[in-house]
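Following: one structure in structure tokens, then a few remarks.
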There are 2 protein chains.
Amino acid sequence: MVQNKEGTDVKRRGRPRAYDPAAALAQARDAFWRHGYSGTSLDEISAATGMNRPSLSAAFGDKRAIYLAALRDYWVAKFATMDRALDAERLQDALLGVYDASLSLYFTEADGARGCFVVGTAVTESVDDHEIREIAKAGFNTLDAKFADRFRLAQHAGEIAREADVEALALLATATLHTLAVRSRAGTPCEELRRLARKAVAMICR
Amino acid sequence: MVQNKEGTDVKRRGRPRAYDPAAALAQARDAFWRHGYSGTSLDEISAATGMNRPSLSAAFGDKRAIYLAALRDYWVAKFATMDRALDAERLQDALLGVYDASLSLYFTEADGARGCFVVGTAVTESVDDHEIREIAKAGFNTLDAKFADRFRLAQHAGEIAREADVEALALLATATLHTLAVRSRAGTPCEELRRLARKAVAMICR
DNA sequence: TTTATTTTGTACCATTTCGCATAAAATCCT
DNA sequence: AGGATTTTATGCGAAATGGTACAAAATAAA
């Protein structure tokens with residue numbers, strides 16, 4: 001059933017859509033995720049979503065607009081799962097929760113190792129595309145901020161030293177996420193990266 | 001003058017080349033570096049190198065072969081500059097030297113912020129291209145190994161604790177390099193990244 | 001000087017890619 | 001039932017892309 005942005009059902013006038021916009025965008029995102037922005041053709045997106053080209057165009061706009069929508073969506077989902085993981089009681093569990101949740105996103109049954117969508121595809125386009133670059137950069141800064149907040153919390157809870165540099169800790173935490181993103185796409189096995197994450201958490205929280 | 005791989009001049013039979021193969025490959029690499037593998041056309045490479053298409057084909061092969069040659073070259077150069085930086089007396093200087101040398105490669109006068117060639121372009125192709133993936137992964141493993149060696153040296157010199165986990169330290173050192181690579185291409189200013197590197201070194205060597 | 005060899009430069013071809021025009025289909029409103 | 005509205009489906013066309021054929025040019029060897 002078609003819904004508006006409040007989630008309530010809406011009576012549309014003409015022929016009903018044959019697709020779910022959110023699901024279609026997720027399929028398009030997966031295609032970009034696998035092949036990169038430049039490496040993905042509209043024909044592939046059309047095949048992945050099951051939508052024909054004019055429907056894609058009407059729903060999302062041109063290729064770049066589809067990608068930008070997928071990119072914004074990715075950050076929203078990423079931040080949501082991150083917040084959930086950071087909610088853990090102990091700092092170590094919170095950090096490891098973020099890394100485990102990320103890894104389960106970086107490895108899939110269907111596509112195998114694909115890494116982080118932003119690191120694997122948006123960063124590549126960031127030299128030529130100003131808007132993609134800004135969205136990527138803002139997202140990374142948000143990661144830093146969320147980690148920093150969590151370290152501050154741990155600091156007040158006495159889990160880490162009162163004189164610890166929470167900003168520096170946050171940078172290392174994001175750096176760990178970045179290395180997981182890069183290495184998973186470059187073929188390092190998931191189990192090895194899980195061990196890497198554990199070691200990194202131990203180093204950061206020492 | 002044309003040279004063979006030993007560097008000695010060679011008398012070739014027919015019409016002499018109008019280009020220097022090494023310089024041309026560097027130009028092609030810069031084009032790939034900026035736009036990514038899929039985002040770079042042979043016309044752009046032709047323009048960047050000043051070579052016409054048949055000459056490119058004769059010298060390096062097809063588009064993918066040009067890219068692979070550039071990729072292998074990049075690692076060779078990267079490892080060489082890294083070895084030089086790691087030669088520094090004090091551990092902190094060695095690490096910071098690696099990061100500073102990397103940043104000066106990640107930012108250019110001509111193209112601005114472009115990040116690391118491997119992280120910015122090869123990682124993207126790594127899902128679909130087995131050979132690119134293996135070269136990227138092997139390179140990252142070499143980075144880990146070089147950092148680990150340097151930490152072991154520092155350990156023997158008494159700069160870090162005897163019970164320190166040098167492998168874990170190396171992972172964090174490479175993670176820092178990865179975050180510099182990602183963030184520089186995503187538009188974080190060079191000065192900010194230099195501060196990030198300093199903080200990371202302080203955290204790692206604490 | 002002539003011949004053999006290698007590279008260059010122009011042009012071309014087949015394919016892919018992107019976007020859109022147009023008509024048919026499916027629904028709502030009167 | 002009939003018109004209005006929205007989406008779907010087929011297919012087209014211009015441009016870009018990767019690769020190569022072929023003749024002219026430049027050099028070394030004979």
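Chain A is the first sequence line, chain B the second, and so forth, proteins listed ahead of strands; every chain is numbered from 1.
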Base-contact (B) and sugar-phosphate-only (S) positions in nucleotides 5-18 of chain D, heavy-atom cut-off under 4.0 Å, - elsewhere: BBBSBB------SB
Please set out all donor-acceptor pairs under 3.5 angstrom arising from side-chain atoms of residues 136-143 of chain B, sequence neighbours excluded.
residue, atom, partner, partner atom, Å
B/T142, OG1, B/A138, O, 3.0

Under the side chain to side chain donor-acceptor pair (under 3.5 Å) test, residues paired with B/S57 that sit two or more places apart: none
Which residues share a side chain to side chain donor-acceptor pair (under 3.5 Å) with B/D111, sequence neighbours left out: none
Measure the distance from [atom1] on [X] to [atom2] on [N] and round it to the nearest whole Å.
| X | N | atom1 | atom2 | result |
| --- | --- | --- | --- | --- |
| A/I66 | C/dT17 | CD1 | P | 15 Å |
| B/F60 | D/dG19 | CZ | P | 15 Å |
| B/R64 | D/dG19 | CZ | P | 11 Å |

Partners meeting ring pair (Phe, Tyr, Trp, His ring centres under 6.0 Å) with A/F79 (sequence neighbours left out): A/W75
Residues in ring pair (Phe, Tyr, Trp, His ring centres under 6.0 Å) contact with B/Y37, at least two apart in sequence or another chain: B/F32, B/Y67
